[in-house]
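Numbered from 1 within each chain, the chains take letters A, B, ... in sequence-line order. We use all heavy atoms of the structure for the numbers below, so side chains are in, but hydrogens, waters and symmetry mates are not.
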Amino acid sequence: MERYDPKKIESKWQAFWEKEKAFEVREDESKKKFYGLIEFPYPSGAGLHVGHPRSYTAMDVICRKRRMEGQNVLFPIGFDAFGLPTENFAIKTGRPPAEVTAENIANFTRQLKSLGFSFDWSRAVDTTDPAYYKWTQWIFLQFFKHGLAYKKKQPINWCPKDKIGLANEEVVDGCCERCGGPVEKREKEQWMLSITKYADSLLEGLKDVDYIERAKVQQKNWIGRSEGALIGFRVQGSGFSIEVFTTRPDTIFGATYIVLAPEHDIISKLENQISNLSDVESYIADARRKTDMERSALGKEKTGVELNGVKAVNPANGEEISIWVADYVLGSYGTGAIMAVPAHDERDFAFARKFGLPIKEVVIQQIGTRLEDRHERRTVRGICVRDGKMLITQDKRTGTNEYILPGGGVEEGEGSENSLLREVREETGYTSAKIISSLGTIEHNFYHHYRKNNRISTVSGYVFELENDEVIPRTREEIEKGDFFWLPIQEAREKLKDSPTFSLEVEFIDRFLKGHNNLFSENGVAFNSDFLSGLSTNEAKEKIIAWLEEKGVGKRQVQYKLRDWVFSRQRYWGEPIPLVHCDVCRDKKYNYIIIHGFTSNSHIGFKPWLEKELCERGHKVWNPDLPNTNTPNIDEQAQFILDNAPFPFDEHTVLVGHSLGGPVLYKILEKIKKSVAKAVFVDPVIFPEFTDVPRPELNKSCDWNFDWKKIKAHVGEVIILADANFPVIKKEHLEELAKNIGGGLQIIYPNVRHFSTKNDAITAEPLVLEAALPSGWIPLPESELPLKLPKVEKYQPTDTGESPLAAMTDWVNTICPKCGGSAKRETDTMPNWAGSSWYFLRYADPENKKELASKKALEYWMPVDWYNGGMEHTVLHLLYSRFWNQFLFDIGVAPTREPYAKRTSHGLIMGPDGEKMSKSRGNVVNPDEMVEQYGADALRMYILFMGPFDQPVAWDTNGLVGVKRFLERIWKLQEKLVRQEVTNPRLLSIVHQIIKKVTEDVEAMRFNTAIAKLMELCNEMYKSDWLSADSYQLLLKLLSPFAPHIAEELWNQTGEEGSIAFAEWPTYDESLIKTDTVTIAVQINGKLRDTFEADVNLSEQDAKQIALSQPNVAKHLDGKAPKKVIYVKGKLVSIVL
RNA sequence: GGGCGAGUGGCGGAAUUGGUAGACGCACUGGCUUCAGGAGCCAGCGAUCGCAAGGUCAUAAGAGUUCGAGUCUCUUCUCGCCCACCA
């Protein structure tokens, strides 16, 4: 027998797999497919470190096992190669990033291949390859054409060190995620992707996928959906109204002031009225200078300035309230303004306390359930403490001698504070009680034992002090009623605790002990709130929203924490954004025709407004009334427009059709000869099918048969706007229209439902105007993709923050693809996230030159069945790639809405010192050295054996010795091989147990225990003098996913031809797992005293008898008769003495 | 502050989900073998009492449920991760 020499056999089998193309796959309908995915690496100059392969090895084991189970396995690999480190390296050395990247990829490839992963290398992708990023650019253009990419000037996070704009997501604690330096705010025009439009869809999709719970929770938190209301607060003496978002509209009666974020733009509009403008302005300037970090520093004192001279009006009660600016309100969330309810919000409370603002209690805690037939009362309770003791009264009338707090009913016309002082005097005789603080109000529902009725009592609690010990004599009645004591506080609490009747008193004592400060931020019962009083928080929310909507001062609103995605980078090493800016196109004047809908006309809704806005910008507009509007004839209406239009239908014309104007527009487009510049469809009808009521007039209005080919040919740009909240026109129809006509569908939130009005009002719809106006941003035609990165001299971003591409005037100056005039290219590039947001789709068909991947391949392989990656990517990468996939699904490119059916995460591998591996710490372990010393198989096994897969573990090279020894023992087992068929029943049973365990453990990613079992099996085989070839081969098969090289070699040496990678995965036989005898434990009073061997089918009676007769048991019984004997079948006998 | 997770030998970690705690591996100790070894083989290895048989105590701490708890419930402590003025 030769020695086990990993170096020799590993290179041998790697060459074999490569030559045989063993792991290359194609679509095969006859087999069940399995798509296993790992996060493709960023090919850094440092090469692979020992942490990278954890995920790859795990997924390789799973894929190899699935292959042996007969599945058609796609296990691809690629490189996410755009990124800052390479660019920074280029800046330092002047070497082109493409060249450096190619070298790094070659090195990574060599390293990955040396570990024996069963990747399909023929499908490797590289995000920096123009053949790949052509499709990244193509997807961006689809976003653009569907109105989901827009440019916006806004404050962005700017890292002065990296000279790069950062997405909110990349800022951690106010510092740059990459370099750790502080982040500043800068105003910059940025390309944005409207991920917020997919917020609900991204949330919804989580329900159908199998992700580890943590990933789901993190995604949910990141999206941060909250339901509440938008409420307008009129500003006194101005035409303005401040809109606030709140999740607690039920507390509106307690809103005692308004707070604006320093960024809020209404402040400048109110300038004339603000009497302390300079104070306000300097506060705002201060806030702006501060970083997010400073503004949100933990436990920071609240700061703020009142806007003197202006007041807002609380729409619920008409009260005048003050307006403040404070940086505890964020400009970027909600409306950038809040209604402050200090009694029920911690932050508002702190602010109100600091600035002495009124605190009004409008929600109270509820104790007990309300009962029918009840008596309502207002009562008070007081806590008086002195020297660690508190004052307690005892009610003798009930016969139960119950303890209570001093207090009682509030008389008509008496303040609750006064009534407490009166009650104290009557019950105890103390005359010098003085109230020092409030404990809030509680609604108490209970049965009154003495009065024998149900009570609903609104109880106010107070803390009072006795200024001296003066006492007056109590009345006879009072003395008979009860007595009073001083009890230690805890003792008093104990006395009250046990009776449910006194949960109110206990709550007040607890509030007192916790230093209750009159803040109650939980749900409860509305109080002092006019028509809301008495309603539960949820009922009150519903009622007030309905009320606000009816009054027209507010509405229901869903708000997200998720912000749109800043998609621009002012960098070189990224995908160029394939747009040009053309001033000529932007400034061009058009002729507009506006076509109204069913039962409408030209002078209501958004149409007159749109006409005015367009005319003001120098365009010409024809906004006619159509004939036969109430019983429409679409063909006639189209003809009417064709006959009467004051403009020719050509490249200078833009058509806008609303609702039933849509079909009119299709008919016009069918008939015209030349192509018009643009068509804007506003909630257009496509089929006369509606989700609410039938509209028979519309069925008859035309043949509903349109020649989409012609229509498409007669229009340049198409935009379809749909009201997200208008279900009557089906979204599927709109999607179909978008597909037929090749236009962008934008699902939006117009100001008015269906962009129309019930009455004759004129409404503004800025989104319609935006869609109708010419844009200066012109997409490159798809035939011009990829737009390749030009070669530049310098990779350093400019100090103004522009991309190095901006200096390439030859490249920047170009021709407008639309008008042929001179235009400028966009010089921003895409962020790193772009290429990795869709790579899993490209793997399905990586060579495709016509599409990002063929429909057929995508339909076969998608979704990814199992995606494993790092915990650090469960928020952003996962969210972004789900967003892209959902969008691609919506435009008919991706076959499934969700890209990943299952997502798991591995724990990081730390350096030997327990710290995160990094070059700067000098604790990086290089896999090359490990392979050299111990072999790839040992390295793979150790990576999986070192600890639970989902938890971080520190690297320990010593541990490798153990698995290396194990492999050597496997190798040496050959010596025990005998050729003839032999059976060893004990071993056979163990083998089958282990097949079961390993099969289950691999699926559950419990690799450490799977390997432990393989070691056990090996040890068992070692104990035996001889070993059958069958058993040995079973072991080899189980081993092969973990240590494929040695498994191939030994498989071969046992006389098998071909690769073990496609041998059949062993199945276990449940009947063989069961053994004839079992060890039964005997416990006495829960302590193990003895064990005995017995037949599995031992009867209960026999088991008990044998147990009792065991020598050691008898000794412990000591002649006593057991009280009870319990038998757990096949496991133990438990004897109770 | 909020959410999630975890605390078991000298170390990494097992424990059929309520049933013999410490599988498997590392390190360590003793013995055998070898020219040699970061090699192999055999044995031991939670603490404690005992020559031993055997006993007692042990899964962060404390209480509870149970014939029986590492596992379930409550309280407390410690650590890790993520989020954090999100109205």
Side-chain angles (χ1 to χ4, degrees), chain A residues 3 172-173 213-214 217-218 220-222 224-226 228 244-248 251 259 261 292 295-300 302 326-330 332-341 344-348 350-351 521 559-563 871-872 874-875 907-908 933-934 941-942 945-948 950-966 968-969 972 993 996-997 1000 1006 1008-1016 1018-1019 1022 1079-1091 1112 1115-1116 1122-1126 1128-1137:
Chain A
R3 271 190 56 212
V172 178
D173 290 338
E213 205 44 39
R214 262 181 83 189
V217 169
Q218 285 188 18
K220 260 182 225 164
N221 290 346
W222 197 264
R225 183 181 203 271
S226 46
V244 305
F245 172 70
T246 176
T247 54
R248 290 293 301 271
T251 62
V259 190
D292 278 2
R295 272 177 66 165
S296 66
L298 185 71
K300 199 199 79 164
K302 297 259 180 301
D327 66 5
Y328 82 92
V329 172
L330 308 175
S332 49
Y333 182 73
T335 60
I338 61 156
M339 64 176 206
V341 186
H344 306 290
D345 181 280
E346 239 175 285
R347 298 150 297 175
D348 299 343
F351 191 79
S521 50
Q559 194 68 46
Y560 300 94
K561 282 192 221 171
L562 186 69
R563 318 282 153 81
M871 214 54 225
E872 67 276 22
T874 49
V875 181
L908 274 184
Q933 264 192 66
Y934 301 95
M941 292 211 89
Y942 175 61
F945 184 60
M946 55 195 303
D950 56 355
Q951 277 166 46
V953 237
W955 183 265
D956 177 14
T957 303
N958 279 331
L960 259 164
V961 177
V963 288
K964 176 75 189 294
R965 281 209 270 256
F966 162 66
E968 257 155 13
R969 279 158 72 84
K972 278 197 204 152
Q993 280 174 40
K996 180 175 184 198
K997 179 78 177 150
E1000 288 168 359
R1006 290 188 298 251
N1008 53 336
T1009 50
I1011 291 171
K1013 284 289 157 185
L1014 291 175
M1015 288 172 167
E1016 256 179 70
C1018 177
N1019 292 345
Y1022 234 77
T1079 309
I1080 293 189
V1082 187
Q1083 290 181 346
I1084 298 174
N1085 285 346
K1087 283 197 174 107
L1088 180 74
R1089 292 304 178 191
D1090 216 331
T1091 59
N1112 209 16
K1115 200 174 94 191
H1116 279 92
K1123 268 190 207 152
K1124 202 169 158 191
V1125 183
I1126 295 157
V1128 181
K1129 193 168 186 296
K1131 290 230 169 80
L1132 60 72
V1133 178
S1134 183
I1135 299 164
V1136 191
L1137 281 185

State whether A:E968 and A:R965 are salt-bridged, where the test is any N-O pair (Lys NZ or Arg NE/NH1/NH2 against Asp/Glu carboxylate O) under 4.0 Å. no
Opposite nucleotide pairing with [N], Watson-Crick or G-U, both atom distances under 3.5 Å:
| N | result |
| --- | --- |
| B:rA14 | none |
| B:rG44 | B:rC28 |
| B:rC35 | none |
| B:rA84 | none |
| B:rA58 | none |
| B:rC77 | B:rG7 |
| B:rC67 | B:rG19 |
| B:rG50 | none |

Between B:rC83, B:rU20, B:rG19, which nucleotide has the shortest distance from any of its atoms to the side chain of A:L1088? B:rU20
Picking from B:rC81, B:rA87, B:rG38, the nucleotide nearest the side-chain atoms of A:Y333 would be B:rA87
After noting the C-alpha distance and the side-chain angles of A:L1132 and A:Q1083, does the key distance pass the side-chain contact (heavy atoms from CB on, under 4.5 Å) rule? CA-CA 7 Å; A:L1132 60 72; A:Q1083 290 181 346; 3.8 Å; yes
Gap in Å between the two [atom1] atoms, one belonging to [N] and one to [M], rounded:
| N | M | atom1 | answer |
| --- | --- | --- | --- |
| B:rA14 | B:rG22 | C1' | 8 Å |
| B:rU20 | B:rU71 | C1' | 15 Å |
| B:rA60 | B:rC83 | C1' | 27 Å |
| B:rG18 | B:rG13 | P | 24 Å |
| B:rG19 | B:rG10 | C1' | 30 Å |
| B:rA39 | B:rU33 | C1' | 11 Å |
| B:rG9 | B:rG5 | C1' | 23 Å |
| B:rC57 | B:rU73 | P | 26 Å |

Round to the nearest Å and state the distance from [X] atom [atom1] to [N] atom [atom2].
| X | N | atom1 | atom2 | result |
| --- | --- | --- | --- | --- |
| A:F966 | B:rA39 | CZ | P | 18 Å |
| A:E1000 | B:rU17 | CD | C1' | 13 Å |
| A:D1090 | B:rA53 | CG | P | 15 Å |
| A:K561 | B:rC82 | NZ | P | 16 Å |
| A:K996 | B:rU16 | NZ | P | 13 Å |
| A:F351 | B:rA87 | CZ | C1' | 14 Å |
| A:E346 | B:rG2 | CD | C1' | 10 Å |
| A:D345 | B:rG1 | CG | P | 17 Å |

Got [X] and [Y] here, is their nearest side-chain heavy-atom distance under 4.5 Å?
| X | Y | value |
| --- | --- | --- |
| A:I338 | A:D345 | no |
| A:L1088 | A:V1082 | no |
| A:R969 | A:N1019 | yes |
| A:Q933 | A:K964 | no |

Would you mind calling B:rU17 syn or anti? Take O4'-C1'-N9-C4 for purines or O4'-C1'-N1-C2 for pyrimidines, and syn is within 90° of 0. syn
Given the 90°-from-0 boundary between syn and anti, B:rG31 should be labelled anti
Using a heavy-atom cut-off of 4.0 Å across all strands, would you classify [X] as base, sugar-phosphate, or nothing?
| X | result |
| --- | --- |
| A:R1006 | nothing |
| A:S226 | sugar-phosphate |
| A:K302 | base |
| A:Q933 | base |
| A:V341 | nothing |

Test: A:K302 cationic atom under 6.0 Å from A:Y328 six-membered ring centre, within 45° of axis: yes
On the 0 to 90° scale, with breaks at 30° and 60°, tag the A:W955-A:Y942 ring pair as parallel, tilted or perpendicular. perpendicular
How many angstroms lie between OG in A:S1134 and CD1 in A:I1084, if you round to the nearest 0.5 Å? 9.5 Å
Value for SG (A:C1018) from NZ (A:K972), rounded to nearest 0.5 Å, stands at 10.5 Å
Could you run through nucleotides 22-29 of chain B and give me one letter per nucleotide, 5' to 3': B if any protein heavy atom sits under 4.0 Å from the base, S if only the sugar-phosphate is that close, - if neither? -BBSSS--
In the 5'-to-3' direction, what one-character label does each nucleotide of nucleotides 58-74 of chain B receive under the scheme B = base within less than 4.0 Å of a protein heavy atom, S = sugar-phosphate only, - = no such atom? ---------BS------
Of A:T246 and A:P952, the one whose closest RNA chain B nucleotide lies more 5': A:P952
Whichever of A:K1131 and A:Y934 has its nearest RNA chain B nucleotide further upstream toward 5': A:K1131
Test side-chain contact (heavy atoms from CB on, under 4.5 Å), reference A:F945, set A:L1014, A:L960, A:T1009, A:V963, output is A:V963
Looking only at the side chains, is there a donor atom on one of A:R563 and A:S332 sitting less than 3.5 Å from an acceptor on the other? yes
Taking side chain to side chain donor-acceptor pair (under 3.5 Å) as the definition, give me every residue that meets it alongside A:Y333, ordered by chain and number, with sequence neighbours left out. A:S226
